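Bear in mind the structure is a predicted one, so any value in this text is a computation, not a measurement. Here is how names work: the chains are called A, B, and so on, in the same order as the sequence lines, proteins then strands, and each is numbered from 1.
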Amino acid sequence: MDKAYNHKDVEEKLYNFWEKSGYFKPDSDTKKQPYSMVLPPPNVTGTLHIGHALMLVIQDILIRYHRMKGFRTLWVPGTDHAAIATQSKVEGILYKEEEKTRFDLGREEFLKRVEAFAQTSHDTIVNQIRRIGASVDWEREAYTLDTERNFAVRTAFVRMFQDGLIYRGDTIVNWDPKMKTTVSDDEIEWKEEQVPFYYLQYGPFVIATARPETKFGDKYVVMHPKDSRYLKYKHGEKIEVEWINGKVTATIIKDDAVDMKFGTGVMTITPWHDRTDFEIATRHTLDMEQVIDFNAQLLPIAGDLAGQHIKKARPLIVERLREKGLVVKVDEKYVHRIAINYRGGGVIEPQIKKQWMVNVNKSFTMQHSSMQGIKDGDSVTLKQLMKHAVSSGQIAITPQHFIKTYYHWIDNLRDWCISRQIWYGHRIPVWYKGEKMHVGTDAPEGEGWEQDQDTLDTWFSSGLWTFSTLGWPKETKDLRDFHPTSVLETGYDILFFWVARMILMSTYLLGEVPFRQVLLHGLVRDANKQKMSKSKGNVIDPLEISEKYGTDALRIALIYSTAAGNDIPMSEDKVRGMKFFANKLWNIGRFIEMKRGDLSADDVQAVENIWELRNFATHETDKEIIEEAEKLIEGVTEHIASFRLHEAAQLLYQFVWHTFADTYIEDVKTRLDAKSYVVLHSLFLQQLRLLHPFMPFITEEIYQTLPGKKSIPSLMIAPWPTVAELPHNA
RNA sequence: GGAGCUAUAGCUCAGCUGGUUAGAGCGUUUCAUUGACAUUGAAAAGGUCAGUGGUUCGAGUCCACUUAGCUCCACCA
């Protein structure tokens, strides 16, 4: 063995060796118990960051452990087209490099650009996944927007439509005038901004607003029914008021959505551009009028200000109100929260628009269910399904406290808007011809049909991921063998976006849970507990780190000292420490290799089973180390089985370095004979196996380099150590 | 407004179902060694486990309250 471990020479070589040997594919022995996972597909918007590395490492540890345990493991890789995120990225580049918008190129040409970008990203990402050492089955790689997944999406849409769960209707949506699309509530980022807050005279009332540009059409004035200050005004009463562009007739509305303590307790409403106002207007069947168009410009209702962008119009309106003496007071220090599309950066302007929606509260008849507690023919809602899957214990969530958060989210869930006015994504499988509409997996026969222009929310397709990757809606063998999947491991930040939607889709479409266990990890932060971001310049690039210290050092550093679900402070120091550990491991290997030569005992065989090793113990310390090693095996196994990977890693680190190397080797090195050599060598091989899921490259390299016959060609498929002989039928 | 998390050594964190003297990494101090490994070894200093009260034979661990920090959800015109 070389004096130092050189990860650069080893990693690529070993990964190719593993892949070529077919170890990433499920074992052909179908009698083995299956263990399956899908990789949360990274967005094809660029490159992988350290959070992705963490996710890959945790999942790879689980997969490698179960593979060695004798399960028939499958880990399906893939990438996500991330509709709006990818499109917005390409639009940004397009504008920067050519000063063009997507409308300049047209749908077809623009999509070609996006696809080219996505392909490049995809290639980078795949390469990065390999570098981390992830033992995924590349033959089953999927893309959320490929042909097979598109068929799954269309099938799902049609099924939901036929069950009356998808409808098209006028709703108030979050409109991004910059990207020209709706975005979901979850895609909004709130930003605080200090703006002037205007108190305006509105007839006998004073109303308050931060957005005077929406106020042109306001003809309803709303107050709380119990507000003693305004009891003399009756619901439905009409009054004449002087307003921005002259006199209007206002109607008094009483509604308890009004907060009596806020402002003056009176407000005028703009139902077309505000969710709360929209809801009030819906309750009292009031008129709704659009004031701002989809480019964020004022409509003719604004009189001579029509056509102005709202940002420019605001000061002009305030000026006019001032002239008319309608401005009572201005609070300059008001903190207003504005909604921003966090994918594209546009300021959200609520609008009423026709959208495709999923009704989460509508009862439908369950066609097929293999879930406990829900039978075929039961009447349920999607919300109930989502809740039931977890409350019945058919899906476990680790850490447990996220269960409460999950329920809380479901309770507050509104209908899910699934249409997007962007081009990159799954086109909605609906066709129109005059007044006629066709909903189906394929275009209808005949001339003149035109497909809906909108595409689907990206989460609609990723919601199908656990089974669309296995071939659904075809009844494939993979689907039978590997669904429900065993574990879904992902960051807690997408519990709602993604995990909840997978539960919705799987319980509804398949009548079974998508996975039995949800395992959530935290955010990787920098050494100062700051979120990593490009603008802060504190981003740690996983590939750079793995290049410098070795992938194994990065892997174990990522999971070493943090409990599941907690955020992880990451520093280079930590990785460096783990590189030292890798070096220690390497040198134990060198020592063992060297001593075998000293003993000129090339026929000394390693003992496979630890319980047979006691026959070779000649000293008290030999017995002790065997006992300790047994405890290690039990401890590591138990910790991994309970998802305490950090505990398992800590046990291994302590044992290998401080018990095995510092204590036992120091003791045995002066009295080494053929018998104690067997103990030394065999125990080390056990440790390599236990460490292999955590540090696959160096353990495999040492294993391959150590002298002696190998009955097993790779650590990847070596049996996981146990402390006692198992009955043969187990 | 609603919900959740965190508080343990100088720093970053472990501590699973309550059970001897509370652990690790990094950092600090002292000593040793070119021996598989200076990417080393031996040792040391450093903690009223945020505070108060409770349950218990026994609490870092369970319960209540207080304080401080963080996060998520909803959202006020």
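Between A:Thr659 and A:Glu628, the side chains place no donor N or O within less than 3.5 Å of an acceptor N or O (distance only, hydrogens not considered).
Whole-Å rounding puts the A:Lys3 NZ to B:U39 P distance at 10 Å.
With hydrogens and angles ignored, a donor-acceptor pair under 3.5 angstrom links the side chain of A:Arg337 to the base of B:C75. One can find a donor-acceptor pair under 3.5 Å joining the base of B:A36 and the side-chain atoms of A:Glu666.
Side-chain contact between A:Thr264 and A:Tyr230 is present, with at least one heavy-atom pair separated by less than 4.5 Å.
Although no hydrogens or angles enter the test, the distance criterion places a donor-acceptor pair under 3.5 Å between the side chain of A:Lys574 and the main chain of A:Pro569.
Using a 4.0 Å heavy-atom distance criterion, A:Thr209 is classed as a sugar-phosphate-only contact.
Rounded to the nearest Å, the gap between the P atom of B:U6 and that of B:A22 is 23 Å. For B:U55 and B:C16, the P atoms lie 24 Å apart once the distance is rounded to whole Å. For B:G41 and B:A68, the P atoms lie 45 Å apart once the distance is rounded to whole Å. Using P as the reference atom, B:G60 and B:G23 are 13 Å apart when rounded to the nearest Å.
Taking the centre and axis of the six-membered ring of A:Tyr199, the NZ or CZ atom of A:Lys329 falls inside the cone set by 45° and 6.0 Å.
Nucleotide B:G58 has no partner under the Watson-Crick or G-U criteria, as no pair reaches both atom distances under 3.5 Å.
Taking for each of A:Gly577 and A:Trp586 the nucleotide of RNA chain B with the nearest heavy atom, the 5'-most of the two is the partner of A:Gly577. If A:Asn587 and A:Asn566 are placed on RNA chain B by their nearest nucleotide, the residue sitting closer to the 5' end is A:Asn566.
Look at A:Lys574 and you won't find any side-chain N or O under 4.0 angstrom from OP1 or OP2 of B:G25.
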